[in-house]
2 protein chains.
Amino acid sequence: MASKTIGQVVELTGLSAKAIRYYESSGIVSEIPRANNGYRFYSNENVDELLLLKGAREAGFSIDQCRQLMAVFHDQNRHSSDVKAMTLAQITQIKQRIEKLQSIVLKLEALTEQCQGNDQPQCSIIDGLLKS
Amino acid sequence: MASKTIGQVVELTGLSAKAIRYYESSGIVSEIPRANNGYRFYSNENVDELLLLKGAREAGFSIDQCRQLMAVFHDQNRHSSDVKAMTLAQITQIKQRIEKLQSIVLKLEALTEQCQGNDQPQCSIIDGLLKS
DNA sequence: GGTTTACCTTCCCCTAAGGGGAAAGGTTAC
DNA sequence: GTAACCTTTCCCCTTAGGGGAAGGTAAACC
């Protein structure tokens, strides 16, 4: 079975049909050849593109970053150093997001510690948010 | 100066005029009274709502969570325990997001360690993403 | 008073990454 | 033949506003 319908690719990749069509219409993956009835038929190479894309999305790469990644993927003269650089940059970005979230957690934890948490309306969390 | 124009509220709160109007049209803050010319005029209470909202947004609360928070804020019979419960739930959610991001970082770091990062096309990051 | 500048209003389109569902047509099974 | 399932395109929806247009208003300056 060299070429597969979109339903079969859904089974194979775990991606939704909506997502798969979206990736094509956005130009992130190659244009998929059609049969006479208009149905898309996916080659193994097409499926590989989708698998790579899925892996990258699950690794937190944005669609725009994936676009670049796919371009590198299709570059016959690519250097693994380029892929590594993109990945290291991605790691840095995610770590920054983590730090921001951690500072929020610290702030919220400080506020909850001040709050009595009883049946009175006075609440130092609200007071704290008002002043922040 | 008991009531302020939106421009003055922008100065006062650091929020954008777009955001302030959005909060009103979304029903998150109270409806703002208008002058004859249609201009909004903000009372101190209106400004307080916006300040609380801003603090909550900066603390990572979503607009929908802010909506609930504002409802509690306006509830004369509120219990600080309710606010505390919402805040603790928010802390839990953020911690989950942090954990997810951390697992992504671990995965990406493992991949970069395997990648040679040279001028060859073979790249274990791509291979790893394809299989994941 | 007239003009310029700054401010306010609503309105519409745009973002990211698809999801939901309609309407229409194709394919398969009974 | 027809029921069930598959595929197609199309349009609206989501978050939390941003950008900018078109038009009315207010304050400042001459």
Side-chain angles (χ1 to χ4, degrees), chain A residues 1 3-29 31-42 46-47 49-50 52-70 90 93-94 97 100-101 104, chain B residues 1 3-29 31-42 46-47 49-50 52-70 90 93-94 97 100-101 104:
Chain A
M1 192 166 58
S3 69
K4 299 164 190 68
T5 67
I6 198 167
Q8 292 167 331
V9 177
V10 165
E11 288 297 308
L12 213 59
T13 61
L15 292 166
S16 72
K18 283 278 187 180
I20 294 172
R21 294 196 194 96
Y22 171 73
Y23 294 152
E24 182 186 359
S25 71
S26 306
I28 299 162
V29 300
E31 202 167 343
I32 308 299
R34 308 295 184 104
N36 291 334
N37 55 13
Y39 285 20
R40 290 170 179 83
F41 277 91
Y42 294 81
N46 295 142
V47 173
E49 283 187 73
L50 290 169
L52 174 58
L53 186 44
K54 187 193 180 204
R57 290 289 298 136
E58 287 176 352
F61 284 93
S62 73
I63 286 292
D64 228 45
Q65 289 172 315
C66 287
R67 204 184 305 271
Q68 300 173 42
L69 193 62
M70 299 307 294
Q90 168 71 351
Q93 280 182 34
I94 297 182
R97 287 166 57 191
K100 191 171 175 184
L101 290 175
I104 290 178
Chain B
M1 192 166 58
S3 70
K4 300 165 191 65
T5 66
I6 198 168
Q8 291 167 331
V9 176
V10 165
E11 287 296 308
L12 214 59
T13 63
L15 293 166
S16 72
K18 283 279 188 179
I20 293 173
R21 293 196 194 96
Y22 171 73
Y23 295 152
E24 182 186 358
S25 70
S26 307
I28 300 162
V29 300
E31 202 168 343
I32 307 300
R34 308 295 184 106
N36 291 335
N37 54 16
Y39 286 20
R40 290 170 178 83
F41 278 90
Y42 294 80
N46 295 142
V47 173
E49 283 187 72
L50 289 169
L52 175 56
L53 186 43
K54 187 195 180 203
R57 292 288 297 135
E58 287 177 351
F61 284 94
S62 74
I63 285 293
D64 227 46
Q65 288 172 315
C66 287
R67 204 184 305 271
Q68 299 173 43
L69 193 62
M70 299 307 294
Q90 168 72 350
Q93 280 183 33
I94 297 182
R97 288 166 57 190
K100 191 170 176 186
L101 290 175
I104 289 178

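FYI, side chains are in, hydrogens and waters are out, and symmetry mates aren't considered; it's all heavy atoms of this structure. Throughout, protein chains are lettered first and strands after them, A, B, ... in sequence-line order, and every chain is numbered starting at 1.
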Strand contacts (DNA chain D) in residues 58-65 of chain B, 4.0 angstrom heavy-atom criterion:
B/S62, B/I63
When the nearest nucleotide of DNA chain D is assigned to A/R21 and to B/Y23 on a heavy-atom basis, which residue is associated with the more 5' position?
A/R21
Whether B/K54 side chain and B/T13 backbone form a donor-acceptor pair below 3.5 Å
yes
Taking the side chain as C-beta and beyond, is there a heavy-atom pair between A/C66 and A/R57 under 4.5 Å?
yes
Any Lys/Arg nitrogen of A/K4 or A/E11 sitting under 4.0 Å from an Asp/Glu carboxylate oxygen of the other?
no
Between protein and nucleic acid, restricted to nucleotides 26-28 of chain C and to nitrogen or oxygen atoms under 3.5 Å apart, what atom pairs and distances do you find?
unit_1, atom_1, unit_2, atom_2, d
C/dT27, OP1, A/N37, ND2, 2.9

Backbone N/O of A/Q65 and side chain of A/Q68: donor-acceptor pair under 3.5 Å:
no
So the contacted stretch of DNA chain D, first to last nucleotide with an atom under 4.0 Å from a non-hydrogen atom of chain A, runs from D/dC6 to D/dC10
Counting only N and O atoms by type, is there a donor-acceptor contact under 3.5 Å from the side chain of A/Q90 to the main-chain atoms of A/G60?
yes
Could you check whether any side-chain N or O of A/R21 sits under 3.5 Å from a backbone N or O of A/S25, counting only pairs where one atom can act as donor and the other as acceptor?
no
With a 4.0 Å cut-off on heavy atoms, is B/R57 in touch with a base, just the backbone sugar-phosphate, or nothing at all?
sugar-phosphate
Main-chain N/O of A/Y23 paired to A/S26 side chain as donor or acceptor, under 3.5 Å:
no
Does the side chain of A/Y42 reach to within under 4.5 Å of the side chain of A/I20, using non-hydrogen atoms?
yes
Among B/V29, B/V10, B/I32, exactly one meets side-chain contact (heavy atoms from CB on, under 4.5 Å) together with B/L50. Which residue is that?
B/V29
Residue pair B/V9 / B/L15, side-chain heavy-atom distance below 4.5 Å:
no
Residue whose nearest DNA chain C nucleotide is more 5′ - A/S16 or B/R40:
B/R40
